[in-house]
Structure formats: C-alpha cells, structure tokens
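Comments concern the structure below.
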Amino acid sequence: MRSSRLARGGLLASALLSMLAAVHAGGARAADGDARTIEPISAGYADSLALNGTAAVTSERGDKRVLELTNGSFKQAGSAWSTNRIDLTEPFETSFKAYLHHGTPGADGIAFLAQGAGPRALGGWGGGLGYRGISRSVAVEFDTYQNTPDPSSNHLAVVLGGNPDRHTATAESSIPLFGKPFQARLRYDAAAQNLKVYVRPVSKGSTEQLLLDQNVDLAARTGATSGWVGFTASTGDVTARQDIYDWTVGTPQA
Ligand SMILES: [Ca+2]
C-alpha cells in the first residue's frame with residue numbers, strides 16, 4: 001500500500017515552483033518527469049502566484065526574484081499562494097529560503113500554510129502572522145515576536161484552524177530566525193499523515209535539523225483534497241522586511 005501510494009505520488013501533478021531568476025528545473029526535480037514546472041517568477045509572475053495585502057515580488061537580492069511579504073512598515077499583513085492547487089492527499093515536499101530583517105528587533109514572522117480557503121486568503125496583522133482567521137488551514141509558523149501565548153521570540157509551531165493563540169506543536173528554533181537567512185524544508189507524508197519541518201542556516205556545509213515532527217491530516221484540516229500552499233507574514237508595532245526566495249514545491253526526494 002505504501003509503495004503504491006508513493007508511486008502515485010510520482011504522478012502527482014504537483015506544482016514545481018521556483019523563485020530563482022536563473023531557474024532550472026533541476027533545482028527541485030520531482031521523482032519523475034510528470035511533475036509540471038511552472039514558469040519562473042518573472043514578468044509573468046502573476047500566473048503562478050496570487051499576492052494579497054503587502055506581498056510583492058521584487059528583485060532585491062542580487063539577481064534573484066524575491067517574494068517580499070512585508071516591507072518594513074507597521075501593521076502589515078501579506079500572503080502569497082501558488083495559483084496551482086496541490087493534491088493534499090499525496091506526499092509533497094517544499095523548501096524555501098527566508099530572510100527576515102530590517103528591524104532591531106523585528107516582528108512578527110512568517111508562516112507556510114496549506115489552506116482550503118482560496119487564493120485571496122489573508123489573515124490578521126501582528127501576532128496573527130497574516131494567517132489569523134484562515135480557519136481551513138494548517139500553518140507552520142516561524143515566529144520572531146513573543147506574544148502572550150508564544151513560548152519565545154524565536155520559535156516554530158504547527159497551528160491548526162488559523163488560530164495562532166493555540167499551538168498544536170512548538171519548537172524553539174535551533175538557529176536565529178531573524179537577521180540571517182535560513183532555509184526551511186517541509187516534508188508531508190500523506191500516507192502517514194505526518195509533517196516534518198527542518199531548518200538550517202543558508203551557508204555552505206550547514207547542517208539541517210529536524211524541529212517539528214507532527215501528525216496532521218492536511219486534507220481533513222483544510223477541508224480540501226486539493227488546496228493552496230504559500231506564505232503569510234505580518235508586522236505590528238514592531239516591523240520587519242520579510243522575504244522568501246528559492247521556493248520549490250514538488251514530490252518528495254527519495
Ligand atoms: Ca508571535
């Protein structure tokens with residue numbers, strides 16, 4: 001059963017997104033040739049990302065296209081979703097780099113979501129991390145500001161139902177989430193209904209660490225067998241610029 005599910009995963013028409021300017025499909029090659037490649041983020045980016053609130057695509061980090069979720073002003077919220085839905089009953093893996101910067105200290109952080117609310121979904125600012133209120137969602141937050149329910153100002157969490165006041169699982173980050181770029185990788189095993197979240201610094205030879213290992217049924221929690229994936233972020237009375245780049249979504253690596 002497991003092997004057949006994995007084989008079907010290879011046929012998944014999952015989006016293979018890349019936000020590299022000089023994109024090459026090999027950056028996140030899927031298990032076989034059936035995964036579709038979306039055009040790189042460029043002049044035609046609107047075809048592959050739905051942007052809401054303060055989210056914008058810029059090219060501020062060298063020649064890379066960057067998804068800027070908040071730009072450093074107060075009380076902002078932004079979201080960006082792949083316009084191609086992915087099958088949440090199949091395994092997938094996503095990785096991205098994030099650079100949260102420009103404040104001292106900065107707030108509030110970002111979240112990766114799978115959601116069933118649609119490409120216009122956008123939640124509350126501040127401690128809402130841009131996803132508060134997106135009830136049909138599973139969020140993995142990278143939170144840099146300690147609100148009352150939060151364990152620290154440098155934690156990850158799995159949050160269900162768009163309620164950031166209630167963490168299903170939390171982990172202190174092993175690296176600073178603010179001030180230095182980091183890379184995150186999320187791996188969803190649909191058969192086991194298990195989500196793993198890894199982080200590592202963006203530097204050569206850095207070691208990836210598993211921070212969250214949580215059983216969750218994405219299709220059930222989003223109410224969608226085919227749902228949207230993407231990012232939210234916010235600022236409040238403390239601000240930051242919060243950027244995503246090199247985002248890929250595909251079938252899990254072997
Ligand atoms: Ca917070």
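As the structure lists them, so they are numbered: ligands from 1, and atoms in each ligand from 1. Note that the structure is a prediction, hence the values are computed from the model and not measured.
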Within 3.0 Å of the Ca ion (ligand 1), is there any N, O or S atom belonging to Ser153?
no

If I take every N, O or S atom of Asp143, is at least one of them less than 3.0 Å from the Ca ion (ligand 1)?
yes

Metal site angle (apex the Ca ion (ligand 1)), OD1 from Asn147 and O from Tyr145, 10 degrees:
90°

Residues Asp165 and Arg132 bridged, charged N to O under 4.0 Å
yes

Please examine the side chains of Ile110 and Phe96, heavy atoms only from C-beta on, and report whether any two atoms are closer than 4.5 Å.
yes

Please check this pair: side chain of Ser234 against backbone of Ala77, looking for a donor-acceptor N/O pair closer than 3.5 Å.
no

Would you indicate whether the side-chain heavy atoms of Tyr131 and Gln115 approach each other to under 4.5 Å?
no

Among the N, O or S atoms of Asp150, which one sits nearest to the Ca ion (ligand 1)?
OD2

